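One structure is given here, and the rest of the page talks about it.
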Amino acid sequence: MRTPLTLLAIGLGLPAVLAQDQCTTALPITAGTYTVTGIDGPEIPSPICAMNGIGASGGEWYTYTPTADHALTVTTDLPQNAGGDTRFHVYTGTCGALTCKDGDDDSGAGLLSTATFNVTAGVTYTIAFDDRWSAAGFDFRLIEQEPIVVRVSFTGHPFATDGWVLGAVDLNGDHLDDIVAIDQTLIDVNYQQPGGGLARTSITTTPADFVASWSLAVGDLDGNGYNDLLYGGGGGVTFMYANADGTAYTEVSGPEYVFSQRSNMVDINNDGNLDGFVCHDVQPNVYYLNNGDGTLTFHQGGLGDTPDGGNYGSIWIDYDNDHDIDLFIAKCRGAGSPASIDQLHRNNGDGTFTDVAPDLGFADQQQSWSAAWGDFDNDGDMDVLVGASSFTGGGHKLMRNDDNGAAFTNVTPGSGWDVFQGQDIEHVAYDFDNDGYLDVFAGDNTIMMNNHDLTFSPEPIGIYHGPIGDLNNDGFLDIVSGETLHLNDGNANHHLTVVTVGTVSNPNGIGARVEVTSALGTQIRDVRSGDGFRYMNSLNTHFGLGADTEVDHVTVHWPSGLVSTVEHPAIDGTLVIIEGETSTGLAVADANALGLFPVPADDQLNIRAGHDLSNSPAAVLDIAGKRVFSTTLRNDRLDVSRLAPGMYVLQVADHGTLLQARFTKR
């Protein structure tokens, strides 16, 4: 503002300085407390560094140039601002070529803002407030502290896009993560190029009945080699099916009312086909079972039946190491409500699930929108950080898995999570510094770094949540936030990325357990579509190796029951494992063990194996080894009427044995 400060501000002893309305006239300031009397400058801060996208109409601008290296806190979380709503962005660079350094919206008390980040002596930082939520005046403070020891850092790179940036996931089948933004009639993709860089394509779609206003999940529903999209909307669910070459999408929406929260793609009934699961905010959860031809059948109930919902953060993991996929639901509906009691649904292996949360210490009033599952102590089973979205019903909860899920122990005291005050709806577990131990991206623009002993230390990174993937194929995980790609600056640690391609199992291998063994020990990851609360992160599994220069072996336990093992793979790159093409660790039956007739077949293929194969997962592959479709055998016949004339392979997973035989379709 260019009007004098109010007498109130002068009376409070705050500096009589005036914020400026545009970047080129930004007001230089130093550490201290300042008053903004209102936001009415004509230049809107850009790019957007804090969350919640576009929508501002004004801005106020400052610059800060430290005389020494510091950790700088910018905050409006001050008593005099109670009830206010602020948002700010912090940049490096020059006007017209600004790059995001930090920013915040709502990390302080109520709707106030705060962020802490390292600054370098002599570098000028531009601080801009906008009126995205309010143009009312407020005070803010700059606090200089000792620099933070940096274990992981990122460099921001603006990019062009439209819509909501919700995904960092491969859409075109080249196993490279892409940046995915969506809107009602648009899928805007920045495709990662094999040689580096991004190439943007905007794909117009027919209007989605329900936009992904709450969450996005991605996976190949129809097995055509290109990933499809699930939009979790406030009134229902929309699926976007990729065509045969991934250049267009067909919209299919259900008529059912669903107040969507976290959504997932997962093979719930383990028939080799991906299904859709959606948390329902105000009713029991819903899921869409895949009929094997890409069509889906709606179901409600059986996987979280609290009548008034409260279902927020679903994540599918194998918590008990029995190689089938279980479901954890982080719930939040105000402390004291049954709808805030978390659930852990154990897969019984027969198509049924049992909620074991009360037996394992999860059924309390802690409020959470998401839970970060991962093996934090590298002992071979999945631990969990149930992240608090409010401290009303309790704080963050770090639970150690004991004895393959037979029990969990609350190890929060002394872990660092007991004193961490950041609250957030997004909590996810990834190894950001590639030291071989999973970290947690949490609230307050902070990664809680794993100290290798079930304790964690905060690393402020100045980046609000967004989708996570490797967007420059260097083996280090990057973060997309708004319209800025934050590339991981990396370090000397080694790494390995594993891509799972299912043949008998679903095409993405979602639900598979991947194990990497090196001198560090054995690390585990579960392939999952949908973690945290809103975003769709990479379907590739990433492993940091620290100083290890060799991997002994990689093992994949597929949902089908098959096991693949690769000995001594090359590191510092990507390993693609195709189900059935590497050592299975299981017996491969003699070629005569599976009889098929008539050959050539017309519409029906008869199957003979000497015993009943009912309920066995099966897949048909073309002669190039690409899966055509998957199913579960119900009798001794298989409908092949959908196949084009040609030669195929039928694979059947039979209780630890892979049966396979060729046949011809006429």
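Atoms considered below: every heavy atom in the structure, side chains included; atoms not considered: hydrogens, waters and symmetry mates. Remember, predicted model here, so these are calculated numbers, not experimental data.
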Euclidean distance, [Y] [atom2] relative to [X] [atom1], rounded to 0.5 Å:
X	Y	atom1	atom2	value
I524	D381	CD1	CG	6.5 Å
D355	R346	CG	CZ	10.0 Å
S529	L230	OG	CG	8.0 Å

Please check if any side-chain donor atom of [X] sits under 3.5 Å from a side-chain acceptor atom of [Y], or the reverse.
X	Y	value
S505	D267	no
D435	H452	yes
S340	Q365	yes
W133	D105	yes
D552	T517	no
D433	N493	no
T497	N540	no
T297	N291	yes
D531	N537	yes
N311	N285	yes

Check: [X] ring centre within less than 6.0 Å of [Y] ring centre:
X	Y	answer
Y464	H486	no
Y288	F239	yes
H465	F441	yes
F362	F408	yes

Mark yes or no for whether [X], through its side chain, and [Y], through its backbone, hold a donor-acceptor pair below 3.5 Å.
X	Y	result
N451	D453	no
D322	D324	yes
Q523	G544	yes

What class does the angle between the rings of [X] and [Y] fall in, given that below 30° is parallel, 30 to 60° is tilted and above 60° is perpendicular?
X	Y	result
W316	F277	perpendicular
F391	H396	perpendicular
W214	F533	perpendicular
H299	Y287	parallel
Y312	W369	tilted

Checklist entry - Please walk me through it: do D170 and N227 pass side-chain hydrogen bond (donor to acceptor under 3.5 Å, both in side chains)? => result CA-CA 8 Å; D170 174 29; N227 283 329; 4.9 Å; no
Checklist entry - Salt-bridged, K397 to D364, with N to O below 4.0 Å? => result yes
Item to check | Those residues that, when tested against E251, pass side-chain hydrogen bond (donor to acceptor under 3.5 Å, both in side chains) (two or more places apart) | outcome: S253
Checklist outcome for this item: Looking only at heavy atoms, the pair that brings D220 and L274 closest together is N-CD1, 3.6 Å
Checklist outcome for this item: For W373 and A429, the nearest pair of non-hydrogen atoms, with its separation, is O-CB, 3.7 Å
Checklist entry - Are any of the side-chain heavy atoms of L344 and Y319 separated by less than 4.5 Å? => result yes
Checklist entry - Applying the side chain to side chain contact (heavy atoms under 4.5 Å, CB included) test to D526, which of I317, T541, V514 qualifies? => result I317
